[in-house]
Amino acid sequence: MSGSTMGSGAAPCRFAHYFVICGIDTETGLEPDELAALYQWLEADRQGRSPEAANEGENFEQSPLKRTFKSKVLAHFPENVEWSPFDQDAVNMLCMPKGLSFRTQVDEREPQFHSFLITREDGSRTYGFVHTFYEEVTSRQICSAMQTLHQMHQAEQSPSTTTSSTTSSSSSSMDSLASSLDEAEAGPLPAGTAAAGRSGSYDASRDTLYVSKALCLITPMPFMHACRRFLAQLHRAVAGPRPPPLPLESYIHNLLYEVPLPPPGRSLKFHGVYEPIVCQRPGPGELPLADFPLGVAFQLLGVENLVQVFTCVLLEMQILLYSQDYQRLVTVAEGITTLLFPFQWQHVYVPILPASLHHFLDAPVPYLMGLQCKEGTDRSKLELPQEANLCFVDIDNHCIELPEDFPQFPNKSEFIQELTEVLLRFGLSSAEGAAPAGPGPAPLKGVALRELVDDGRNGNLGGEALAVLERLRALAERTGVSVEGVETPGQGGRTREEEEELWNAKLNVQLREVFAGRFTTMFADYEAFVIQSAQDMESWLTNREQMHNFDKASFLSDQPEPYLPFLSHFIETQMFATFIDNKIMSQWEEKEPLLRVFDGRVEKARLYNVRAPSLRSSHYQKCSILKESAQAIEQRLMKIDHTAIHPHLLDMKIGQGKYEQGFFPKLQADVLATGPTNNNRWSTRTASSQRRKDRHRQHSEHLGLDNDLKEKYMQEARSLGKNLRQPKLSDLSPAVIAQTNWKFVEGLLKECRMKTKRMLVEKMGREAVELGHGEANITGLEENTLIASLCDLLERIWSHGLQVKQGKSALWSHLLHYQVREEKLEQQAGSPVSNGSERRKSDTGLGLPLLRVSVIQDMRHIQNMGEIKTEVGRARAWIRLSLEKKLLSQHLKQLLSRQALTKKLYKRYAFLRCEEEKEQFLFHLLSLNTVDYFCFTSVFTTIMIPYRAVIIPIKKLSNVMTTSNPWVCVSGELGDSGVMQIPKNVLEMTFDSAFRPHHTHISTVFKCQNLGKLTTVQLGHDNSGLLAKWLVDCVMVRNEITGHAYKFPCGRWLGKGVDDGSLERVLIGELVVPSGEEEGGKQSRTPPLQRSPSQTRRISITSLSRGCKPNGAQIQEAIGEAVNNIVKHFHKPEKERGSLTILLCGENGLVCALEQFFHHCFKSARLFQKNIFVWDFVEKAVAYLNTADQMGDLQEAPEPLGLTCETFCHYVSAINSTPRNIGKDGKFQLLVCLGARDRLLPQWIPLLVECPMIARMYEESALLRDRTTVNSLISVLQSLHDFTITLETSLVKGIDL
């Protein structure tokens, strides 16, 4: 710790840091607002005009009463506080965001209150509370200047009123926001006002001129109610007919130097000018202080809308609040961020965005900002740079616009119901736009009554007047109406203000407890998934970026299914990452306060066993501590723990700051510059305790890590936005704005690098684990979340520096501009433009024609999808399609190669116009080509997709032609195409009329819904004609949108009297790896997701005798591996399992392994040159069993064996009687699949072993005749009984068992 005792000790102790007065500087006079001029410069730059021209001359088109003039900080006390330096420009801008406001006697001049906050780079905040009122202008120079400006305005208006009105109406909506004087606050005018007064005219001889002045308190904690009451009492002291009891300096000095912060868990009373003010502070185990009225936020938006906005904030989207009223903006912003406990907003946070900072809406980062609008501003004319990921909150009209693909908060309906019940208990409606209600009687406003009360309190009333006041008190009690400021007894004898403050505090804490309770339930077990791999703080901070700190996959697998869409997105946010970082840091240093409170609640929940026994239960649990939390606050406010020193006379110069009604006096700076030196016991006491804490902390520092180094690492560990939480308000030169934009560019590039790296590491699985990069498994849910996050990043990159946009998606807007330009060039050239499109070689060289690939082609695919209705949806679909085709980097490079178009659409500082960063960005995206994604196919499951199927015969056997009628049925994970007849001798077909084949012969056209990843093809024919036998090499099927091609190997005959007599075969598919890779980085890739036989499976004895046979050990190993793969399949999350058909019937599948087992030492003698198949042995065994049954031999067998025998014979009979011509090998495959499904295989094998036919058909050394081996096989197959095996329709078609 550095600094003096007072600096370090009193830093957290003072109630207020500064008292500030802002207004007009009479010495410098009227000055145009530099910030408004800067905004005009920025707007000129945005619209492509010369920025210099925008500043030439003055704007005389506006009435001077509506124009922006510069305000100044007239005084602030003390001069500076060591622990909270005074930022004069920022405070001035936030006290008077619209500059000085002028009024005349005919205008509304009610005082206004608003709050603001300043967020420092380290995330700490200071709060400002502002009371704005109107003071008469006494300076003749200013009145004269206003008169001159008004005459110049009238001269400008006289030539053509029509022209000027047309010009103003066509100006941009941002300009209308920028010319921001207080029209919104002007309110309704008094009846009978002259027309001239209404139109904003000013005549110095007739009118009285008023100007706004602001009184502001800057505090370390958000004691909004206390500050509001103190400032209102100061203003009353000025506005009243009599001077206050003490000079104003006494009250301000008392608040700045003699009123401490209440200690945690205690209440404090201090004295304003007229009434005492009470504030309280939550204890160490309670929710942190939040004084902004949450009830008002709920009434403004409605419960459901507020929960939706809250969800957007949790998912770190861009949130823009929109209202005429500054206090509403701050109330909603602070209300929502308060509800985030135990998490904290980590990005740009500007509840009041001054007009000069509107360019910050261009920020390509998550933000929470408030934009003040003028009355009557049309929302549709508000041009926002990016809307794809924007939540727009129109507070005044009680409506919100949400981003697309928006996951709902878990148990949303029950959650809303619980919040509604809390509001109803406090007499509030849950509907949006209901007038915010309050407790107790309605106040009766009146200056005369207030003065009467004040005089009574100060002992200035005579007997008769005092009697009048007593009668008024009695009347107030009888009618339920209170006189403001009169201590009408409420509950417990409290004043109306105290009653209202207690009511607000109880409502606030109960609403917050409901939210905190949800997080306690959802994250009760988060600690179990925190990965604490580092041994010390220094190594953790150094390697923070490379480390996995939270086991996301395991955490998600432990959550209820309905929670997953929300949680999978939320655990990727910066606020969750920071929360986990704080948890890890807590093992080396003191726990962060919010984390300490949350961990305490989680521990308490465990003790009381609040959470359901099953972690996966989504049963909703209501908050059980609402009453206790409200009672704690009520007890503190009823029983005051501390009372601050009363205001007292100071050693002041006589005659200065003389009281004058309606004018705030010039305060004596010397008495307010410093506080008391020796009588401030609380600051000394706190300073010494703080020193003790500092010594303890230094002693327990784990490694004595250098603070500068730690800060450096922590800054780097946090991602973009942390050091841009609030734009710097004190310096807004174009150079500083350019520097801020450069930070955004660097941040976007870093975010792209981190996201692509994360996507690669998660996808590459075991290879990444071996390299030390965390967990191997990535669920489809996580993958989808990461891809959605990439889509959001691309939208933000394309929104940065955008100056021409159509629709809500900046990326799709750019693509549409590109499409128009390319199609125009195509028409001029009369053929497709070569540089805008390309042709990819056939994926396999086996019969598939070339597939045209281009940016435009993929856009047309998306545009033809009627299911997608919005620009944002189309942009995301296009990104997903390009990523699945491994063309994302290439497509974007092609899009950005049109530099003239990019210059037209983007400003000079835009990310897309920074050449070096753009190249690095495209390189990072190129790295995604090393892994396979199915992010388009798996998401758009209902769209119609054209498929191309090519059936390839083995030509060397001169069997290309067939006289039979072939048919095909393609199946995938999402369904099948149905049986499709193929015209004779046409071995190529396309499934959709929109995509014409590149061949001259006739094609059969089918429409087919997305099948997902393809798994099987059923191929067959009707055996008609002379040339009915057909030898097929393979079937190729290609998705014409994604370009994915699948090969279904066959290598078998289809025909009666040849091979196994099959007229129909079920072929298992494998994804084809393209041979000619055009894109870089595709040489290293993950293995294909599906494998199937790459050569003809050995199915006949003849073929087995020719090939090299596996030995017994190899066959047993193959069976174990096949069963193990099926077991692993079922241990994956249901949505991530892939195709079970591959594991059953594919290469190295269970059927293949069992065929090898049954073929081992099978006698190879052929009778009359006829092949013998395993199915022949099965049929002979069934014949024997049936004969034995008829002769009664089986009746003596144990009952289970007899039942098993009956079942086995029934299954074989059903397979033989199926109408499908699937051949003998197909029948054996079907028997194995059905036996596995119905858990019968281990029971059937002993029947075959006991059959006498085994000695005739198998040699002595056969595995099937070895009892030990057979028992081992039965044991292995029994391990499948724990799982429910569902067979694909293509396998069991025509079988009813």
Side-chain angles (χ1 to χ4, degrees), residues 12-22 73 75-78 81 84 86 90-91 94-97 111-118 125-133 213-238 244 248-262 267-282 288-294 296 325-331 333-335 338 351-352 484-485 495-498 500-502 504-505 508 637 642 644 647 664 667 672:
C13 301
R14 282 189 185 173
F15 181 88
H17 288 167
Y18 295 99
F19 177 77
V20 186
I21 306 164
C22 294
V73 173
H76 69 278
F77 308 102
V81 176
S84 178
F86 187 73
V91 171
L94 292 166
C95 280
M96 304 189 108
Q112 301 285 334
F113 174 83
H114 78 269
S115 318
F116 65 83
L117 56 94
I118 297 174
R125 294 175 176 177
T126 51
Y127 295 84
F129 302 98
V130 186
H131 182 94
T132 307
F133 62 97
K213 179 172 274 189
L215 308 178
C216 172
L217 279 174
I218 294 178
T219 65
M221 299 186 79
F223 290 108
M224 190 205 76
H225 287 95
C227 292
R228 185 174 195 161
R229 290 179 64 189
F230 181 84
L231 292 171
Q233 289 185 43
L234 275 187
H235 181 228
R236 271 174 58 194
V238 172
L248 294 185
E249 284 88 345
S250 295
Y251 302 103
I252 295 165
H253 181 276
N254 175 250
L255 187 71
L256 286 177
Y257 301 110
E258 296 170 333
V259 176
L261 281 175
S267 55
L268 171 77
K269 181 166 81 174
F270 64 94
H271 293 268
V273 182
Y274 298 115
E275 296 111 14
I277 298 168
V278 177
C279 59
Q280 60 86 30
R281 188 173 167 189
L289 177 68
D291 210 24
F292 290 90
L294 272 175
V296 173
D325 187 285
Y326 290 129
Q327 186 59 14
R328 284 183 173 186
L329 293 173
V330 179
T331 299
E334 277 294 288
T338 295
I352 297 176
E484 238 181 63
T495 64
R496 176 181 172 76
E497 284 86 354
E498 289 170 346
E500 186 174 346
E501 189 170 339
L502 174 61
N504 268 313
N508 267 20
L637 288 174
H642 301 282
F664 199 86
L667 301 174
L672 292 176

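Taking both residues in full, the closest heavy atoms of Cys22 and Val73 are given as SG-CG2, 3.9 Å, listed atom of the first, atom of the second, then distance. Residues Pro222 and Leu289 share a closest heavy-atom pair of CD-CD2, 3.8 Å. Counting all heavy atoms, side chain and backbone alike, Cys216 lies closest to Gly128 at SG-CA, 4.5 Å. The shortest non-hydrogen separation linking Asn504 to Pro293 is OD1-CB, 3.8 Å. Between Met224 and Asp291 the shortest heavy-atom distance is N-OD2, 2.8 Å. Nearest heavy atom pair, residue Ala237 against residue Tyr274, reads CA-OH, 3.2 Å.
The shortest distance between side-chain heavy atoms of Leu234 and Phe230 falls below 4.5 Å. The shortest distance between side-chain heavy atoms of Leu117 and Glu334 falls below 4.5 Å. Looking only at side-chain heavy atoms (C-beta outward), Lys269 and His642 stay at 4.5 Å or farther from each other. The side-chain heavy atoms of Ile352 and Val330, taken from C-beta on, include a pair separated by under 4.5 Å. Leu261 places none of its side-chain heavy atoms less than 4.5 Å from the side chain of Leu268. Between Thr126 and Pro220, every side-chain heavy-atom pair lies at or beyond the 4.5 Å cut-off. At a threshold of 4.5 Å between non-hydrogen side-chain atoms, the residues Phe116 and Pro97 do not count as touching. Residues Cys279 and Pro262 have side chains in contact (heavy-atom distance under 4.5 Å, counting atoms from C-beta outward).
A donor-acceptor pair under 3.5 Å is formed between the side chain of Asn508 and the backbone N or O of Ala290. Listed for the Glu249 side chain is no donor-acceptor partner under 3.5 Å among the backbone atoms of Leu672. Formation of a donor-acceptor pair under 3.5 Å by the Gln233 side chain with backbone atoms of Val273 is found in this model.
The aromatic rings of Tyr326 and His114 are tilted relative to each other, their planes meeting at an angle between 30° and 60°.
Residues satisfying the side-chain hydrogen bond (donor to acceptor under 3.5 Å, both in side chains) test with His76, not counting sequence neighbours, are none. A search for side chain to side chain contact (heavy atoms under 4.5 Å, CB included) contacts involving Asn254 returns Glu258, Val259, Ile645, Pro647, not counting sequence neighbours. Contacts of Phe133 classified as ring pair (Phe, Tyr, Trp, His ring centres under 6.0 Å), with partners at least two apart in sequence or in another chain: His235. Applying the side chain to side chain contact (heavy atoms under 4.5 Å, CB included) test to Ser267 and every residue at least two apart in sequence or in another chain returns Gln280, Arg636, Ile640, Asp641. Judged as a side chain to side chain contact (heavy atoms under 4.5 Å, CB included), and not counting sequence neighbours, the contacts of Pro78 are Arg14, Tyr18, Val81, Leu256, Tyr257. For the ring pair (Phe, Tyr, Trp, His ring centres under 6.0 Å) test, residues two or more places apart in sequence or in another chain that qualify with Phe223 are Phe15. Under the rule for a ring pair (Phe, Tyr, Trp, His ring centres under 6.0 Å), His225 has no partner lying at least two apart in sequence or in another chain. Listed by chain and number, the residues in a side-chain hydrogen bond (donor to acceptor under 3.5 Å, both in side chains) with Thr331 amount to none (sequence neighbours excluded). For Phe77, the ring pair (Phe, Tyr, Trp, His ring centres under 6.0 Å) criterion is met by no residue, not counting sequence neighbours. By the side chain to side chain contact (heavy atoms under 4.5 Å, CB included) test, Val238 is found to be paired with Leu248, Phe664, Pro665, residues two or more places apart in sequence or in another chain being considered.
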Intermediate values then yes/no, side chain to side chain contact (heavy atoms under 4.5 Å, CB included), Thr219 and Cys227: CA-CA 9 Å; Thr219 65; Cys227 292; 3.7 Å; yes
Worked check of side chain to side chain contact (heavy atoms under 4.5 Å, CB included) between Phe19 and Leu255: CA-CA 9 Å; Phe19 177 77; Leu255 187 71; over 6 Å; no
Candidate pair Val91 and Ile118, rule side chain to side chain contact (heavy atoms under 4.5 Å, CB included), full reasoning: CA-CA 9 Å; Val91 171; Ile118 297 174; 4.3 Å; yes
Step-by-step side chain to side chain contact (heavy atoms under 4.5 Å, CB included) determination, Lys213 to Ile21: CA-CA 7 Å; Lys213 179 172 274 189; Ile21 306 164; 4.1 Å; yes
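Residues in residues 217-232 take part in these salt bridge (Lys or Arg N to Asp or Glu O under 4.0 Å) pairs, two or more places apart or across chains: Arg229-Glu501.
Partner of Ile218 under the side chain to side chain contact (heavy atoms under 4.5 Å, CB included) criterion, chosen from Phe86, Phe129, Tyr127: Phe86.
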